[in-house]
There are 2 protein chains.
Amino acid sequence: MGLTKTEIFTDQQNNIAQIAKAFGHPARVAILQHLIKINACICGDLVDEIGLAQPTISQHLKELKNIGIIQGNIEGTSVCYCINQDKWTEIKTMFMSFLSQEPTNSSCC
Amino acid sequence: MGLTKTEIFTDQQNNIAQIAKAFGHPARVAILQHLIKINACICGDLVDEIGLAQPTISQHLKELKNIGIIQGNIEGTSVCYCINQDKWTEIKTMFMSFLSQEPTNSSCC
DNA sequence: TTTATTAATCGTAATATTGCAATATAATAA
DNA sequence: TTATTATATTGCAATATTACGATTAATAAA
């Protein structure tokens, strides 16, 4: 199969999972961290910074773009990427509310 | 290929990605939410609660157990699962510090 | 116009994930 | 001992992901 049954879950559950999935690769975490640190970044710099081939970085950037967490502006022959602040805040809020639910001591373990 | 090059990333990046990957499926998000809500939960209840087959739930539980975020206690013929509070707190801290980095306005986009 | 430069896309191989039927295992009940 | 119950494991099919070489497209520079 290999196909997630999204229809049996809530929108919230699917949303959290979708964003988490995008965060679920170290290259994409590294890209986001670098974009935050450098503020804005040319794609080629990411290829140098992270040790993966250009098509691979491009593919990871595409996935991050798909969830709207980054955006790219064409500057001549290069593309400048940066974090979408509104989306970043939205995601932060979503994760905080998910993670801030405090599990209390359970009866069995 | 299909094989992540973990060796070129920092431990922090790999850790975030590993946890995010575990959160990257709505069934696992649903399991965690249910465990938090109900406080502790028999595996069979999760099969009823979520609409997936028993082996599928068992597999998702295994993945959550692998990252240490849940633990199970045998109670007769059934297994009672619950959140590992220490790990939950650790993960919360990790994600908060990742997400709390505020991206500033960039020059290009 | 020709030649870089830069990034996206295509194609593909290797591997991982998702989901479930069938089966195995382990503990209790009859 | 023989069910019964609850969960884990195995095996497998369908699909997704990761990575990269080759190619393409678009702009810039010569």
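Protein chains get the first letters and strands the later ones, always in sequence-line order, with residue 1 at the start of each.
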**Message:** I want to check one thing: is the phosphate of dG19(C), taken as OP1 and OP2, less than 4.0 Å away from some side-chain N or O of His60(B)?
**Reply:** yes
**Request:** Nearest whole angstrom, please: distance from the P of dA7(C) to the CD of Gln71(A).
**Result:** 17 Å
**Of residues 16-50 of chain B, the positions that come close to DNA chain D - non-hydrogen atoms, cut-off under 4.0 Å** = Ile42(B), Cys43(B), Gly44(B)
**Message:** One thing to verify: whether Glu49(B) and Lys37(B) come together as a salt bridge, which I'm taking to mean a side-chain N less than 4.0 angstrom from a carboxylate O.
**Reply:** no
**Message:** In this structure, is the centre-to-centre distance between the rings of Phe23(B) and Phe98(A) below 6.0 Å?
**Reply:** yes
**Request:** Check whether any side-chain N or O of Lys65(B) sits under 4.0 Å from OP1 or OP2 of dA8(D), and answer yes or no.
**Result:** yes
**Item:** Partners passing ring-ring contact (aromatic ring centres under 6.0 Å, His included) against Phe9(A) (at least two apart in sequence or in another chain)
**Value:** none
**Item:** Nearest-angstrom distance from the residue atom CG of Leu64(B) to C1' of dA8(D)
**Value:** 15 Å
**Complete:** Rounded to whole Å, the CG-P distance (Asn66(A) to dA16(D)) equals 14 Å
**Request:** Tell me which nucleotide among dC20(D), dA8(D), dT27(D) gets nearest to the side chain of Ser58(B).
**Result:** dA8(D)
**Asked** Rounding to a whole Å, what distance do you find between Gln59(B):CD and dA21(C):C1'?
**Response** 13 Å
**Request:** Report the C-alpha separation of Glu75(A) and Val79(A) in whole Å, then their side-chain angles, then the decisive distance to 0.1 Å, and conclude whether the side chain to side chain contact (heavy atoms under 4.5 Å, CB included) test is met.
**Result:** CA-CA 6 Å; Glu75(A) 288 191 349; Val79(A) 178; over 6 Å; no
**Item:** Contact summary for Ala30(B) and Ile50(B), nearest pair of heavy atoms
**Value:** CB-CD1, 4.0 Å
**Prompt:** Nearest nucleotide by nearest heavy atom, which residue falls closer to the 5' end of DNA chain C, Thr77(A) or Thr77(B)?
**Reply:** Thr77(A)
**Request:** For the side chain of Val79(A), starting at C-beta, report the closest nucleotide among dT9(D), dT9(C), dA7(C).
**Result:** dA7(C)
**Request:** Determine the contact category for Thr4(B): base if any of its heavy atoms lies under 4.0 Å from a base atom, sugar-phosphate if only primed atoms, P, OP1 or OP2 are that close, otherwise nothing.
**Result:** sugar-phosphate
**Request:** Figure out the NZ/C1' separation between Lys62(A) and dA16(D), and round it to whole Å.
**Result:** 14 Å
**Request:** Would you classify Ser78(A) as touching base, sugar-phosphate or nothing, given that sugar-phosphate means primed atoms plus P, OP1 and OP2, and contacts are heavy atoms under 4.0 Å?
**Result:** sugar-phosphate
**Where Ile19(B) and Met94(B) come nearest, the two heavy atoms and their spacing** = CG1-CE, 3.6 Å
**Message:** Under a plain distance cut-off of 3.5 Å, with no hydrogens placed, do Glu102(B) and Gln85(A) share a side-chain donor-acceptor pair?
**Reply:** no
**Between dG19(C) (C1') and Ile57(B) (CD1): distance, integer Å** = 10 Å
**Message:** In whole Å, I'd like the distance from the CG atom of Leu61(A) to the C1' atom of dT17(D).
**Reply:** 16 Å
**Below 4.0 Å: OP1/OP2 of dT6(C) and any side-chain N or O of Tyr81(A)** = no
**Item:** Phosphate-side-chain proximity, Thr56(B) and dC20(C), N/O vs OP1/OP2 below 4.0 Å
**Value:** yes
**Request:** Scan Glu63(A) against the nucleic acid and name what it touches under 4.0 Å (heavy atoms): base, sugar-phosphate only, or nothing.
**Result:** sugar-phosphate
**Request:** Establish whether the base of dA6(D) is bridged to the side chain of Gln54(B) by a donor-acceptor pair shorter than 3.5 Å.
**Result:** no
**Message:** Categorize Leu52(A) for me: base, sugar-phosphate, or nothing, with a 4.0 angstrom heavy-atom threshold over every strand shown.
**Reply:** sugar-phosphate
**Prompt:** Are the side chain of Asn14(B) and the backbone N or O of Thr6(B) linked by a donor-acceptor pair below 3.5 Å?
**Reply:** yes
**Request:** Using atom NZ of Lys5(B) as one end and atom C1' of dA16(C) as the other, report the distance to the nearest whole Å.
**Result:** 17 Å
**Complete:** The residue, Gly51(A) or Gly76(A), whose nearest nucleotide of DNA chain D is more 5′ is Gly51(A)
